Amino acid sequence: MAAIQDLSTHVGKEVELKGWVHNKRESKTLVFVILRDGTGFCQCIIDLNNVGEENFNVATSLGLESSIVVRGKVVADERQVGGYEIHVTSFDVIQNCADYPIAKKEHGVDFLMDQRHLWLRSKRQWAIMRVRNAVIYAIHNFFQREGFVQMDAPVFTGNACEGTTDLFETDFYGQPAYLTQSGQLYGEAMAMAMGKIYTFGPTFRAEKSKTRRHLSEFWMIEPEMAFYDIFDNMDLIEKFLRSVVAEVMEKCPEELEILERDTTALKKTAEPFIRLTYDDAVAIIRGEKEVNGKRTIDVLEDDLAQTKAQIAELKSDIEQRESAIAAGGMKKGQVNFNLNAIDKNKNTIKQLEEDERNIPQWLDSARNFTYGNDFGGSDETVLTRMFDVPVMVYDWPHQVKAFYLKRNPDNLNLARGVDLLAPEGYGEIVGGGERETNEQLLIEKIHEHELPMEAFDWYLDLRRFGSVPHAGFGLGLERLIAWICKLPHVRETIPFPRMYGRLKP
RNA sequence: GCCUCAUUAGCUCAGUUGGUUAGAGCGACGGACUGUUAAUCCGCAGGUCCCUGGUUCGAGUCCAGGAUGGGGCGCCA
C-alpha cells in the first residue's frame, strides 16, 4: 500500500492506494475519481476498457466519500493536483455510500460547523489541520532545541489566577474547582526547578465572546524562564515566532497554497519586530504620532473609502450580470456561472458592509482612546494596520494588567507586561512579561484584585526561597494558526471548536 | 451583559409600495456526452417562508416578543 504523498517515488510502477472518493466526474467510458488518503489528493482514472463493464458500472455508482482500494500505474501529469494520476487496473469498494451532506459548492459557516466531523475531510480543512500539526511540531522543536523542559500544568485549579475572567466551574469531590485559564503560576514554580520550561495544554475561558478570535477551549503555550527580564523575554518571543513561522513555511508550502495564503507577511517575520512602549503605542493610536509619515486616522479613513468603493464596484458588477442574464441569449452554463458570481459578490458585500459599520466605530474609539486603558480589539487592529511586521507593546499601566507582573523600577505606574500583536489585523497572539519578585508588592496586588490570599501561599513561597528575576509569555495556538493561514476565524484552526453556543459535534 | 445584521427547498440565495397557485441555481434522482477539475444538454422530485402573537379583506413581506446564528464591543490568547 502506497501513500499519495510518496507517489513521486513510484512513477511508472503499479501501486495500491486506499482512501476515499473526494470527488468524482464521469463520461461514457471514463470515471475520474479524486482519491484522498489523508496524505494528499490524487486523480484516479477508471477506464471502461481496462476494468470491464461490470466494474465500470460500480465505479459510476460510487457516491462521494465512498471508501475504496485502487490499484494502477502511476503517471506523471503536470495538470493534476500533486502532479500525478493513477491509471486504474482494478479496484475494490469497501463501502459505497450515498448522499454525502457536503456538496461541491459553497456552504454557510453554520451548516459546515454542524458538519464539522465531515468538514474536516475537505481540502481546506485538511490543509489547516496539517498546518496546525506543523505549528505544534515547530513549537516543540524550538523549545527543545533551546533547552526548555516541557511540563504539564494541572487542568483543575482551585482559584482564578487573574481573577477577572469567567471560569468554568466543576465539582471536585464536593468542592468547587475551575478549569484552568492559564498554567503560568505553575510554570513559574517549575522554572525555579528546571530553569527554562514550557507548558503546552488546553485552556478554558467562559467568556461569552462572539468574535472571530475567541474560543471557550483553546491551546496555549506558556514558556517561563528563570533569570530573564522583560527584554530577554521580548528577544525570545521574536526569535521563537520567527523560527516557528519559517519552519511552517518550509514544511507546508502545498498547504499554504491550497489556502491561497500570500506569504509576504509571513516572510516579513525575518525582519526585526517593532517594539513600542504603551505610551508610544497610545500616541500612534490616537493619531498624535506618525508612522512613516502617516497617522492612523488617515489610514483608517482610506480603508473606509476603499471599502465603500469596493462595495459600489461589486454592486455595479452584480447589476451588469443581472441585466446580461435578463437580456437573454446566454447559454445555461454562462447563466450559472454568472449567478454563482453574483452570490459570491453578495457575500463579499455583506462582509464589507460589516467593515463599513465597524471602521467608523474603531476610528472613533481610537480618537478618544483614554490613556491608562487596556487596548481593545479595534485598537490593536488600528495599531497593527500601521506596520507590516509583528508589534510588541510593553510597559503597560499596571492597573490594567495581571497582578503578577513586575513594575518598571524607573516608573512604578508601569508594569513590565508585553503583548505581541500580529499583522494583518490579527491582534494579540502573545501576552507575557516579567514577573513581580517583590513579595510585598505581590501581596498588595492580590488584595487589590480581591483574590483569595490563601490560594496563593505556595506561589508566594517562590518569592521566599531563591527568588530570581524571571519572565515568560503565553501564546494562543489557534490565533497563531489563524494568522499563519490567514483565516477569518479561529474556529477553523481546531478540529472540534468549543465556543459560545457550540458544543456539538 | 450591550449593539448590529440575518433566518424562505438538502445547500446557496431571489422574492418589488402588503395582493392569485412562493422562484432560481446547485445538489439528489433518471437519461445523453471519450479527459473531466463547482461553466455541457434534457427530464423529474423537492417548502411548517425560524416560533408565538398582533395589524389587515389579505402577511414570506408590516408591528411586538422570543429562539437560533453571523459580526462587533466588553474581556482576553
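Lettering follows sequence order; numbering is per chain, from 1. All values reported here derive from a predicted model rather than from experimental measurement.
- In this structure, the side chains of A:Leu480 and A:Leu475 come closer than 4.5 Å at one or more pairs of heavy atoms.
- Cation-pi geometry between A:Lys123 and A:Phe41 is met: the NZ or CZ atom falls under 6.0 Å from the ring centre, inside 45° of the normal.
- Among the nucleotides B:rU34, B:rC73, B:rG70, the one closest to the side chain of A:Trp362 is B:rC73.
- Nucleotide B:rA39 has no partner under the Watson-Crick or G-U criteria, as no pair reaches both atom distances under 3.5 Å.
- A salt bridge is defined here as a Lys NZ or Arg NE, NH1 or NH2 lying under 4.0 Å from an Asp or Glu carboxylate O, and A:Asp110 with A:Arg502 meets this definition.
- For A:Lys445 and A:Glu436, the salt-bridge test fails: no basic side-chain N is under 4.0 Å from an acidic carboxylate O.
- For the pair A:Leu112 CG and B:rG10 C1', the interatomic distance rounds to 13 Å; values are reported in whole Å.
- Contacts of A:Phe32 with the nucleic acid, taken as non-hydrogen atoms under 4.0 Å apart, include base atoms.
- If you check every strand for non-hydrogen atoms under 4.0 Å, A:Arg491 touches sugar and phosphate atoms only.
- Taking 4.5 Å as the limit, every side-chain heavy atom of A:Val418 sits out of range of all side-chain heavy atoms of A:Val393.
- Where stacking is scored as ring centres under 5.5 Å apart with planes under 30°, A:Phe218 registers as stacked on the base of B:rA77.
- For B:rG23, the paired base is B:rC13 (Watson-Crick or G-U wobble, both distances below 3.5 Å).
- Distance check on atom P: B:rU48 versus B:rG35 gives 40 Å, rounded to whole Å.
- Listed nucleotides B:rG70, B:rU12, B:rG74 differ in distance to A:Ser209; the shortest reach to its side chain belongs to B:rG74.
- With both pairing distances under 3.5 Å, B:rU52 is matched to B:rA64 as a Watson-Crick or G-U wobble pair.
- Atom name P, nucleotides B:rA6 and B:rG10: the rounded distance is 23 Å, in whole Å.
- When rounded to the nearest whole Å, the span between CH2 of A:Trp396 and C1' of B:rA77 equals 13 Å.
- Comparing the same atom, C1', in B:rG60 and in B:rC50 gives a spacing of 12 Å after rounding to whole Å.
- The separation between A:Arg25 atom CZ and B:rU40 atom P is 12 Å, rounded to whole Å.
- Here the separation of B:rA39 from B:rG46, taken at their C1' atoms, is 24 Å to the nearest Å.
- The separation of B:rG69 from B:rC57, taken at their C1' atoms, amounts to 37 Å, rounded to a whole angstrom.
- Taking only side-chain nitrogens and oxygens, A:Lys210 never comes nearer than 4.0 Å to OP1 or OP2 of B:rG71.
- A:Gln43 comes within 4.0 angstrom of a base, heavy atoms only.
- The base of B:rG72 lies outside donor-acceptor range of the side chain of A:Ser378, with no N or O pair under 3.5 Å.
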Would you sort out whether A:Val33 and A:Phe91 count as a side chain to side chain contact (heavy atoms under 4.5 Å, CB included), showing the intermediate values? CA-CA 12 Å; A:Val33 169; A:Phe91 67 93; over 6 Å; no
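- Each of A:Met499 and A:Val430 lies near RNA chain B, and the nucleotide nearest A:Met499 is the one positioned closer to the 5' end.
- Here A:Leu215 lies in heavy-atom contact (under 4.0 Å) with a base.
- Backbone-only contact: A:Gly108 has heavy atoms under 4.0 Å from sugar-phosphate atoms and none from a base.
- Residue contacts for A:Arg212: at a heavy-atom cut-off of 4.0 Å it reaches the sugar-phosphate backbone alone, with no base atom in range.
- Here, B:rC5 and B:rA45 have their P atoms 40 Å apart, quoted to the whole Å.
- Under the 6.0 Å cut-off for aromatic ring centres, A:His214 and A:Tyr500 do not qualify, their centroids lying 6.0 Å or more apart.
- Stacking of A:Arg242 on the aromatic ring of A:Phe273 is recorded, both the 6.0 Å distance cut-off and the 45° axial limit being met.
- Summarising the geometry, the separation between CG on A:Asp364 and C1' on B:rG72 is reported as 14 Å, rounded to the nearest angstrom.
- Taking atom OH on A:Tyr500 and atom P on B:rG72, their separation rounds to 16 Å, with Å as the unit.
- Here the nucleotide nearest the side chain of A:Glu380, chosen from B:rC76, B:rU34, B:rG70, is B:rC76.
- Nucleic acid contact for A:Ile45: base, since at least one base atom lies under 4.0 Å from a heavy atom of the residue.
- Note: CD1 (A:Ile481) to P (B:rA77) measures 17 Å, nearest angstrom.
- Under the 4.5 Å side-chain criterion, counting only non-hydrogen atoms from C-beta, A:Tyr228 is not in contact with A:His470.
- Set against B:rU36, B:rU12, B:rC76, the side chain of A:Phe111 has B:rU12 as its closest nucleotide.
- Backbone-only engagement by A:Asp374 is indicated by non-hydrogen atom pairs under 4.0 Å involving sugar-phosphate atoms exclusively.
- Comparing A:Pro488 and A:Val400 by the nucleotide of RNA chain B whose heavy atom lies nearest to each, the residue mapping closer to the 5' end is A:Pro488.
- Sorted by first and then second residue, the salt bridge (charged side-chain N to carboxylate O under 4.0 Å, His left out) pairs involving residues 44-56 of chain A (not counting sequence neighbours) form an empty list.
- When distances run from any side-chain atom of A:Glu85 to the nucleotides B:rU36, B:rG72, B:rA77, the shortest one goes to B:rU36.
- For the C1' atoms, the distance linking B:rU68 with B:rC51 amounts to 10 Å, nearest Å.
- Salt-bridge check for A:Arg116 with A:Glu492: failed, with every basic side-chain N at 4.0 Å or more from each acidic carboxylate O.
- Ion pairing between A:Arg435 and A:Glu224 holds under the 4.0 Å rule for side-chain N and carboxylate O.
- Looking at heavy-atom distances under 4.0 Å, A:Ile429 makes contact with sugar-phosphate atoms alone, never a base.
- Nearest nucleotide to the A:Thr29 side chain, out of B:rG70, B:rA77, B:rU34: B:rU34.
- With both ends at atom P, the span from B:rG70 to B:rU12 equals 13 Å, rounded to whole Å.
- At a threshold of 4.0 angstrom between heavy atoms, the contacts of A:Val490 with the nucleic acid are absent.
- Under the 30°/60° scheme for interplanar angles, the aromatic rings of A:Trp396 and A:Tyr278 are found to be tilted.
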Taking only N/O atoms, report every protein-nucleotides 29-33 of chain B pair under 3.5 Å with atom names and distance.
{"unit_1": "B:rC33", "atom_1": "OP1", "unit_2": "A:Lys28", "atom_2": "NZ", "d": "3.1"}

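- A donor-acceptor contact under 3.5 Å is not formed by the side chain of A:Gln115 with the base of B:rG10.
- Residue contacts for A:Glu222: at a heavy-atom cut-off of 4.0 Å it reaches no nucleic acid atom on any strand shown.
- We find that A:Glu478 and A:Arg491 are not joined by a salt bridge, their nearest charged nitrogen and carboxylate oxygen being 4.0 Å or further apart.
- The interatomic distance linking A:Leu64 (CG) with B:rA38 (C1') rounds to 12 Å, in whole Å.
- Applying the 3.5 Å distance criterion, the base of B:rC11 shares no donor-acceptor pair with the side chain of A:His107.
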Which atom pairs link the protein and nucleotides 44-47 of chain B when you take only N or O atoms and keep those under 3.5 Å?
none

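- One atom, NZ of A:Lys208, and another, C1' of B:rG74, lie 14 Å apart when rounded to the nearest Å.
- Heavy atoms of A:His22 sit nowhere under 4.0 angstrom from any nucleic acid atom.
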